[in-house]
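For reference, positions follow the sequence shown, starting with 1. Just the heavy atoms: all of them, side chains too, but no hydrogens, waters or symmetry mates, feed the values below.
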Amino acid sequence: MSQVKTIARHSAVYSAGTMFEQFSASLLGFFVARFLGPSIQGVWQTARLLRVYSDLAGLGQSLGMRREVNVAMGAGNLQEVEIQRDTTLVWNAFSLLAAGLAVAVYALAFPHAPMVRNALVAMALTIAVTGFSNFFTMWYKATGGFGILAMSSAGAGLGGLVSIGLLLAWSFNGLLTGYVLTNFVSLAIMAFMYREPLRFRFTFPAWCRGLRVGFPLFLINAFAMVFSSLDRIVVVSRMGFSNMGFYSVAYMLFLPLELAVASVSVVLLPRVCRRFGADASAADLGRFYLVPLSVLMLAVPSVAGFMALFLPPLIRLLLPQYEPAIRPAQIALAGLSFSAASGFCHNVLLAAGRSWHIVAGSVVGSLVKLGLIWLLITGHGLSGIAAASAGGYAAQYLVLYLVSARTTRAAASVWARPLAESLLFSAGCSVLWLHVGDVRVLLHGSPAERFWNGLALIALLAPAAVAARRLLRLLRQRAIPVEAGTAV
C-alpha cells in the first residue's frame, strides 16, 4: 500500500508542476500573440522549432541511460550506474554545446534581420544548457526524482510569468531574455537538488550500450518530430514569418487538448506493459486501446467542434489581428482526434516490442501530409496546409490502428466497429463545424437558417453524449471488459 501511495503522490506532484508550467506557457503565448503581432509571432515560433530540433543532437543517449540505469540498479550493479551516468553527462554536454555553438556562429557570422539574429542568439544560449537539462531530467525520471522535476517545472512556470512582464516592458527582446532566464532557472533547480558526484568521465563501451537502447527511440522521436512540424516548416519557408504567426493559432488550440488526452494514454501504458509481461501474449491487449478509443473518438470531435465554433468570436475579441487564422485553425482541428488517438496505438506497439511500426506510421503520415501540401498550397494557402495536416494525422492514425489491431490478433468484428466510428464521427463533426462556422449564427439569419444551424449544433453534441454513456457504463463495470469492441 505504501508503494501505491508513493506512486500516487509522485504522479500528483509531477502532474501539478507540469500543469502549472503549461498554464504559464499558454498565458505567455497569448500575450506574445496579442502584443507582438503575426510577423514577430512567426519569428518566435520558428525559433522555438529550432530549439525543439536541437534535442536530436544527443542521438537518444539520455533515453538509453534511463533504461540502462534502471536495469543496473535492479541487478545491484552500482558501478554500471555510475559509468552510465557520467558518460551520458559528458555526451549530452558535448553534443548540445556543439549544437548551440553552431547556431551562435550562424547567427553572428551571416547577415540576418536584427530580430532574427537576437532570436537565434537566445536559442543558442538555451541549446547550450539543454544538454545538462536533458541529463538531469532523464536521471530524475530514472531514479524517481519526480518531486524535483515538479519543482523544476514550477520554476519554469514562474519564469513564464516573469517573461510576460519582461515582454510588456521590453517587447521581443524582453521575451527572449525571459525565455533564456526561464531555462537557466529550471536547470539551476535540478542541479542544486542533484546529490550525486559530477564526474566528467566518458566510457565508450557504456556510450555504445546506452546508444543501442536509445537510438531506436531517438529515431522514433525524430520521425514523430518531423511529422508533427512538417506543416509549420513549409509555412515559414514558403509563406514567411507573418503566415507562420497566423498558422501558430491552430497549434495553440491543438496542444492543450492533445496533452489532456495524452495523459490518459500515459496512465494506461504501464498497465499495457504489465499485462504483456504477465503472459507474454498480445492477444487481449486490444481492450487497453480499443475501449478507450471507442470513447475518445466520439468525445474529442465534439469538443473540437465547439472549440472551432467559438473560435471566431474569441479571435475577433482578443486577437483581432489574427482574423486570417480563423479558417485554417478550424480546418486543422479536424485532425485533432486522430493525433490524440495515436498515443493509444503507440501503447500497444511499444508493449509488444514493435516500435518500428510507429516509425512506419510517421513516415506514411509525413508522405501523405507532404503530398497534400503540394496539391493544396497553391490556391488555398494556409487553409490548404491545414487540410493537409489533418489528412496526414488521419493517415498516420489509420496505419497505427490497423497495425495495432493485427498485433493484438483481435477479430475483425472487434476492431472494425471502433475504426468505422472514429472515421465516421470525426469526418461528420468536421463537416458540421466547418459548415456552421461561427456559434453566432444562432443569433443571425432567417428563422429557417437558425433552425438548421441549431440542428447541426445538436448533432455535434450527439457523439459526446454517446461517449459519456459508454464511459459511465465502463465505470460501473470497474474494469475494462475483455470484449473490447462489443462491451461498450
To the nearest 0.5 Å, what is the distance between [atom1] ([X]) and [atom2] ([Y])?
| X | Y | atom1 | atom2 | value |
| --- | --- | --- | --- | --- |
| Met244 | Leu382 | CE | CG | 10.5 Å |
| Phe172 | Thr177 | CZ | OG1 | 10.0 Å |
| Asn92 | Leu97 | CG | CG | 10.0 Å |
| Leu108 | Arg117 | CG | CZ | 7.5 Å |
| Phe136 | Leu149 | CZ | CG | 11.5 Å |
| Asn243 | Arg232 | CG | CZ | 15.0 Å |

Checklist entry - Do Tyr179 and Trp44 have ring centroids that are under 6.0 Å from one another? => result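 Yes, the ring of Trp44 comes within the 6.0 Å limit of the ring of Tyr179, centre to centre.
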Checklist entry - So, do Tyr397 and Phe338 have ring centers that fall under 6.0 Å from each other? => result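 Between Tyr397 and Phe338, the centre distance is under 6.0 Å.
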Min side-chain heavy-atom separation [X]-[Y] under 4.5 Å:
| X | Y | answer |
| --- | --- | --- |
| Leu461 | Leu457 | no |
| Tyr393 | Leu336 | no |
| Phe20 | Leu158 | yes |
| His380 | Pro328 | no |
| Leu96 | Ser54 | yes |
| Met307 | Leu311 | no |
| Leu376 | Ile385 | no |
| Ser152 | Glu21 | no |

Using only atom types and a distance under 3.5 Å, with no angle test, would you say the side chain of [X] pairs donor to acceptor with the backbone of [Y]?
| X | Y | result |
| --- | --- | --- |
| Trp170 | Leu175 | no |
| Ser389 | Ala386 | no |
| Gln396 | Val364 | no |
| Ser163 | Gly159 | yes |
| Ser302 | Leu460 | yes |
| Ser186 | Asn183 | no |
| Ser171 | Leu167 | no |
| Arg51 | Met123 | no |
| Ser426 | Leu423 | no |
| Ser24 | Gly157 | yes |

How far apart are the closest heavy atoms of [X] and [Y], and which atoms are they?
| X | Y | value |
| --- | --- | --- |
| Leu298 | Pro463 | O-CB, 3.3 Å |
| Phe246 | Pro38 | CE2-CG, 3.4 Å |
| Gly391 | Leu372 | CA-CD1, 4.0 Å |
| Ala119 | Val43 | CB-CG1, 4.3 Å |
| His112 | Tyr106 | NE2-O, 3.0 Å |
| Leu187 | Val129 | CD2-CB, 3.8 Å |

Checklist entry - Do other residues, nucleotides or ligands put more than 12 heavy atoms under 6.0 Å from the CZ atom of Arg316? => result yes
Next on the checklist: Is it the case that atom CZ in Phe23 sees more than 12 heavy atoms from other parts of the structure closer than 6.0 Å?
Outcome noted: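 Counting other residues, nucleotides and ligands, CZ of Phe23 stays at 12 neighbours or fewer.
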Next on the checklist: For a side chain to side chain contact (heavy atoms under 4.5 Å, CB included) check, start with the C-alpha distance between Asn173 and Met115, then their side-chain angles and the critical distance, and finish with the verdict.
Outcome noted: CA-CA 8 Å; Asn173 288 335; Met115 186 178 301; over 6 Å; no
Next on the checklist: Walk me through whether Leu27 and Leu161 qualify under side chain to side chain contact (heavy atoms under 4.5 Å, CB included).
Outcome noted: CA-CA 8 Å; Leu27 190 61; Leu161 298 179; 4.0 Å; yes
Next on the checklist: Quick one, Leu36 with Gln41, criterion side chain to side chain contact (heavy atoms under 4.5 Å, CB included). Give me CA distance, side-chain angles, the key distance, then yes/no.
Outcome noted: CA-CA 6 Å; Leu36 297 185; Gln41 165 81 333; 5.7 Å; no
Checklist entry - Under the side chain to side chain contact (heavy atoms under 4.5 Å, CB included) criterion, do Phe135 and Thr130 qualify, and how do the steps go? => result CA-CA 8 Å; Phe135 164 75; Thr130 297; over 6 Å; no
